[in-house]
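All values derive from a computational prediction rather than experimental measurement.
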Amino acid sequence: MKKALAGEPIDRARWAREVAAMPLLAGLDAAELQALYQRTAWLLADKDFAGAGDYTVSYDMALCIAIQAALPILALDLDSYGDWQTIVVYPDAFLTREAWGDEFGLVHEGEQELIGQARGDGPLLLSWPDSAHSPLLDGWNVVIHECAHKLDMLDGTANGCPPLHAGMHARDWSDAFGRAYERFCHDVDHGRDGWLDPYASEAPAEFFAVLSEYFFEAPHWVRRDYPAVYEQMVRFYRQDPARRLPDLPLDALLPPVHAG
């Protein structure tokens, strides 16, 4: 794998141009932009950005990914991403061979085509075309999705409940997310399609990761239909994106197939 030029000093003007071109960052105030800049610089300095195989990751590609990855930890400690080191970038969707258990306890193994994956053994894997598309306001962001999984994994495996901050309560989280997840899965099972990507019904971990995408891109929809969940996410991420982002019309939400 070839490392990107992640060790370069981060250029403020270059960073500002990239930020201005990302609709999901609209409305950030001066203090929030400064926090975003600091976290972007830290990610570029701390993480190894590497291309899969012979794929070359440019500095601009690493910068684009780092800015998006910085958003979920805008108001969190840097050590929230401290237990993994590498971001591997692929030129397109990629195949992985994984083992998984079904509802009957049977273990299966096979190839999956993915556009992103947060591996429990370390690296974050991302498709570059999908990462480049992700800053649009359409409710879909593979970088945020996989970073949400990494936050979820801080206390072990991803289960839809990341380590909560002081003053937050596990029962409040599980009540809000548990009821919302049960209702959503019931709707999906009965063919009642709504605005939320059906992939969120795959597991509680995916429900949290997919809702994190919408939280940062289409927060008004989360707040309207899942108010208790939105309240918990505001407290966890220590951000209120509905304060800064426009209320998107339904036809603006474009959920592609997820993986990872």
Side-chain angles (χ1 to χ4, degrees), residues 1-28 32-74 76 78 80-81 84-94 114-119 123-151 209 212-218 237 239 241 244-245 254-256 258-260:
M1 295 187 295
K2 296 182 179 179
K3 288 187 66 174
L5 303 177
E8 288 186 10
I10 183 169
D11 180 271
R12 187 69 181 240
R14 194 174 184 179
W15 171 87
R17 288 194 298 271
E18 190 75 22
V19 167
M22 295 186 177
L24 87 161
L25 302 176
L28 292 175
E32 290 167 332
L33 286 170
Q34 179 60 23
L36 187 76
Y37 175 79
Q38 291 171 341
R39 281 154 178 73
T40 303
W42 173 78
L43 280 160
L44 288 171
D46 185 73
K47 305 304 178 189
D48 297 325
F49 288 77
D54 293 329
Y55 189 56
T56 298
V57 182
S58 70
Y59 182 79
D60 285 343
M61 292 163 66
L63 179 62
C64 176
I65 291 170
I67 290 171
Q68 295 177 76
L71 184 59
I73 61 166
L74 189 67
L76 304 182
L78 294 180
S80 299
Y81 289 166
W84 52 278
Q85 186 60 40
T86 305
I87 297 174
V88 182
V89 184
Y90 288 77
D92 211 330
F94 50 92
L114 306 177
I115 60 171
Q117 186 181 44
R119 293 189 61 90
L124 196 71
L125 313 182
L126 296 168
S127 154
W128 167 242
D130 296 284
S131 299
H133 168 85
S134 286
L136 300 178
L137 285 181
D138 55 14
W140 176 77
N141 188 301
V142 67
V143 179
I144 288 175
H145 182 100
E146 303 307 337
C147 287
H149 279 319
K150 280 297 188 184
L151 293 172
S212 292
E213 299 176 70
Y214 286 91
F215 177 77
F216 285 107
E217 293 203 358
Y237 285 113
Q239 299 184 56
R244 63 179 185 249
L245 291 176
L254 302 171
H258 282 82

message: Does W128 form a side chain to side chain contact (heavy atoms under 4.5 Å, CB included) with I65? I'd like the steps, not just the answer.
response: CA-CA 9 Å; W128 167 242; I65 291 170; 4.0 Å; yes

From CA spacing to verdict: side chain to side chain contact (heavy atoms under 4.5 Å, CB included), L25, I67 = CA-CA 10 Å; L25 302 176; I67 290 171; 3.6 Å; yes

Note to self: I'd like to know whether T86 forms a side chain to side chain contact (heavy atoms under 4.5 Å, CB included) with F49, so could you lay out the CA-CA distance, the side-chain angles of the two residues, the decisive distance to 0.1 Å, and finally the verdict.
What the structure shows: CA-CA 6 Å; T86 305; F49 288 77; over 6 Å; no

**OP:** In sequence, state the C-alpha distance, the side-chain angles, and the governing distance for Y59 and L44, and then conclude on side chain to side chain contact (heavy atoms under 4.5 Å, CB included).
**Re:** CA-CA 9 Å; Y59 182 79; L44 288 171; 3.7 Å; yes

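Within the model, atoms CZ of R119 and CD of E146 stand 11.5 Å from one another, a figure rounded to the nearest 0.5 Å. Rounding to the nearest 0.5 angstrom, the gap separating the CD1 atom in I73 from the CD atom in Q38 is 11.0 Å. Rounding to the nearest 0.5 Å gives a distance of 10.0 Å between NE2 of H145 and CD of Q117. Rounded to the nearest 0.5 angstrom, I87 CD1 and L125 CG are separated by 10.0 Å.
Across all their heavy atoms, S134 and V143 have their closest contact at OG-N, 4.2 Å. Across every non-hydrogen atom of P23 and A21, the tightest pair is CD-O, 3.3 Å. The shortest heavy-atom contact between C147 and Y81 is CB-OH, 3.2 Å. Between L36 and A70 the shortest heavy-atom distance is CD1-CB, 3.8 Å. The two residues L71 and L24 make their nearest non-hydrogen contact at CD2-CD1, 3.6 Å.
Counting only heavy atoms from C-beta outward, the side chains of L114 and Y90 never approach each other to under 4.5 Å.
In this pair, W140 and H133 present their aromatic rings tilted. The plane angle is within the 30 to 60° band.
Remark: the backbone N or O of S212 is not paired with any side-chain donor or acceptor of E217 at under 3.5 angstrom. At distances below 3.5 Å, not a single donor-acceptor pair connects side-chain atoms of K150 with backbone N or O atoms of S80. R39 places a side-chain N or O within donor-acceptor distance of the main-chain N or O of L76, the cut-off being under 3.5 Å. For the pair Q68 (side chain) and C64 (backbone), a donor-acceptor distance under 3.5 Å is present.
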